[in-house]
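A quick note: this is a predicted structure, and the numbers were derived from the prediction, not measured. Values below: every heavy atom of this structure, side chains too, minus hydrogens, waters and symmetry copies. Naming convention: chains lettered A, B, ... in sequence-line order (proteins, then strands); numbering from 1 in each chain.
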Number of protein chains: 2
Amino acid sequence: MLDKSHKHITCENCLAKKNSLFKSFCDDQVVDLNAVKTCAYYKKNQPLFLEGSLPRGVFCLNSGKVKVFARGEEGKEQIIHVAKEGEIVGFRAMFSEEPYKVTASTLEESNICFINKSDFLNLVDTNITLRNGIMKELSSELANRVTYITNMAQKSVRGRLAFALILLEEIYAGELINLTREDLANFVGTATETLIRLLKDFKEEGIIQTHGRKIEVLNREDLLKISGA
Amino acid sequence: MLDKSHKHITCENCLAKKNSLFKSFCDDQVVDLNAVKTCAYYKKNQPLFLEGSLPRGVFCLNSGKVKVFARGEEGKEQIIHVAKEGEIVGFRAMFSEEPYKVTASTLEESNICFINKSDFLNLVDTNITLRNGIMKELSSELANRVTYITNMAQKSVRGRLAFALILLEEIYAGELINLTREDLANFVGTATETLIRLLKDFKEEGIIQTHGRKIEVLNREDLLKISGA
DNA sequence: ATGTAAAAGTGACATAAGTCACTTTTTATT
DNA sequence: AATAAAAAGTGACTTATGTCACTTTTACAT
């Protein structure tokens, strides 16, 4: 296993940048960005921020995965999003003066940079392209969530699991999907036992294959069909 | 019944403005706004825009109510939001270059103004307060939808109905909640029959009272308790 | 390497909520 | 005012999904 704990990432050669909101930055903007950001190594299951606390800045994922979740009445996690390298997490909260409504926590070892709220807002104020990118991103997330709400309200758990696996296959691009059954259940919105039984069905139907806890999608087409029912 | 069909609304004396994103506009900004907007009277159940079509501008509700909904796989409506006077509908779509993901349609007679996309974007570009208001609004809607997703995924239909009634009571501030049982079911995310049975339960428990189809909330506290279970 | 705790998985059972088929009531339309 | 059409409401039945109680497996820490 690599020791990533003391790796310092410079924005100039950050590979994740090309998929990020900063992709349009020109060279000296990247230098400026690099000057204000700090880097940190996170172990598995470490929080970036907690529901109820006050936002201090945004988190930019260089590598690793982060789950973003709310808690329902009985404290059950509802995973809203799984962020991957290149994504900026927590920027929604920069524009309201309110505490976080969600918690973000690493799903695996991750390298994550941090940009201070005032520095970030300064960037947004002075860089029209970034600002437009952010407005577009906020809008498209809003549209995504319409789909999520509709799915939750109308699809069967089987359908939602199929949908979730399609999303996760893209998030874990190349790699196998690697989530605890409980996390997966909390993303799909079901009980862990139900989730396990449905995964078993999918396995028996040859739609997926498991390697330990890791899930490989064998037949995306079938998932699409099941998801749309 | 008033004949509202030819009423022309001027932004200068629009009563809905005080609750809107334009509330901070100074006098000459309001004059400019008034110059670019057009007014229209809508009958009940008339669409403002349709899912899949291209956004041409935003709709500003002077009076009346509008439902915003997506369609699930079997064409079933999922009501995402009920907008009331003062709200601007369809502005999310101004910032992405994509077709509408939702349909908006009046729930009752309404007076609705329209602002062209380029005029609106021009306002957003030149007016920092409006822009910040919009970013804040996008953010807070995003946060709201986290709650919706969590509710849909984790609460019982009874709990979701209680939650919906609390929201609707605020939207229909003062008036009685006036929605078809089907619309209400499509907001809560359940079958119409189930919804009717649950309303009956609430009536028997003295939590609500109906006046024809209209619903009066008698005990908000109980709804809060039921919603949070 | 080994023990312990967490995660994965199974089985039996209960029930919330969906579906279908129908009646009654309300709301529009001619 | 009469009729048609839509909405509201009821009953019987089915089933998907949650819950509880438990075993087996995996992962991690000493």
Side-chain angles (χ1 to χ4, degrees), chain A residues 1 43-46 67 72-79 107-109 151-162 164 176-204 208-215 226-227 229, chain B residues 1 43-46 67 72-79 107-109 151-162 164 176-204 208-215 226-227 229:
Chain A
M1 198 65 65
K43 284 184 290 192
K44 202 173 175 172
N45 292 320
Q46 269 195 294
K67 66 174 171 180
E73 297 298 332
E74 262 97 45
K76 190 179 154 79
E77 289 184 10
Q78 183 60 43
I79 298 184
L107 287 165
E108 54 190 59
E109 303 193 301
N151 281 351
M152 288 295 178
Q154 300 192 3
K155 280 200 217 299
S156 65
V157 177
R158 185 177 153 92
R160 300 204 305 262
L161 173 56
L176 301 179
I177 297 166
N178 188 6
L179 281 176
T180 68
R181 298 299 174 248
E182 192 180 357
D183 277 341
L184 189 48
N186 291 342
F187 187 41
V188 171
T190 189
T192 308
E193 297 92 324
T194 302
L195 179 109
I196 289 168
R197 285 182 242 269
L198 288 169
L199 280 181
K200 194 181 171 186
D201 291 348
F202 282 180
K203 266 194 272 188
E204 285 168 7
I208 63 167
Q209 192 174 335
T210 53
H211 308 262
R213 82 145 54 129
K214 295 182 188 175
I215 298 168
I226 293 165
S227 152
Chain B
M1 197 65 67
K43 286 183 289 192
K44 202 174 173 171
N45 291 321
Q46 268 194 295
K67 65 174 171 180
E73 297 300 332
E74 261 97 46
K76 190 179 156 77
E77 288 184 11
Q78 182 60 43
I79 298 184
L107 287 165
E108 53 190 60
E109 303 193 301
N151 281 352
M152 288 294 179
Q154 299 192 5
K155 279 199 217 298
S156 65
V157 176
R158 184 175 154 92
R160 301 205 303 261
L161 173 57
L176 300 180
I177 297 166
N178 187 6
L179 281 176
T180 68
R181 297 300 175 247
E182 193 180 357
D183 278 339
L184 188 48
N186 291 341
F187 187 40
V188 171
T190 188
T192 308
E193 297 93 323
T194 302
L195 179 109
I196 289 168
R197 287 182 241 269
L198 287 169
L199 280 182
K200 196 180 171 188
D201 292 348
F202 282 0
K203 266 194 273 189
E204 284 167 5
I208 62 166
Q209 192 175 337
T210 53
H211 307 262
R213 82 145 55 128
K214 294 181 188 174
I215 298 169
I226 294 164
S227 153

**Study point:** For A:T190 against A:K76, the heavy-atom pair lying closest together
**Key:** O-NZ, 3.1 Å
Review point. Taking B:Q78 for the side chain and A:Q154 for the main chain, is one N or O donor matched with an acceptor at less than 3.5 Å?
Key: no
Point to revise | For DNA chain C, the dot-bracket pattern of Watson-Crick and G-U pairs whose distances stay under 3.5 Å, | for other-strand partners | key: ||||||||||||||||||||||||||||||
Practice item. Heavy atoms only: give me the nearest B:S227-B:A162 pair and the separation to one decimal. Key: N-CB, 3.7 Å
Review point. Which atoms form the tightest heavy-atom contact between B:R160 and B:G189, and what is the distance?
Key: NH2-O, 2.5 Å
Check your understanding: Is the backbone N or O of B:R213 less than 3.5 Å from a side-chain atom of B:T210, with the two atoms forming a donor-acceptor pair by type?
Key -> no
Check your understanding: Within a strict 4.5 Å, meaning less than it, do heavy atoms of the A:L195 and A:L199 side chains meet?
Key -> yes
Point to revise | Distance in Å, B:L161 CG paired with B:I226 CD1, rounded so as to fall on 0.5 Å steps | key: 8.5 Å
Review point. Under the side-chain contact (heavy atoms from CB on, under 4.5 Å) test, which residues partner B:A164, sequence neighbours left out?
Key: B:F187, B:V188
Review point. Pairs in or reaching into residues 176-201 of chain B: which pass salt bridge (charged side-chain N to carboxylate O under 4.0 Å, His left out), with residues at least two apart or in two chains?
Key: B:K67-B:D183
Might you list the N or O atoms of the protein lying below 3.5 Å from N or O atoms in nucleotides 3-6 of chain C, with each pair's distance?
none

Practice item. Going 5' to 3' through nucleotides 3-19 of chain D, assign each nucleotide B (protein heavy atom under 4.0 Å from a base atom), S (under 4.0 Å only from sugar-phosphate atoms) or - (no protein heavy atom that close). Key: ----SSBBBB----SBB
Point to revise | Sequence-distant partners of A:K43, side-chain contact (heavy atoms from CB on, under 4.5 Å), two or more places apart | key: A:Y41, A:Q46
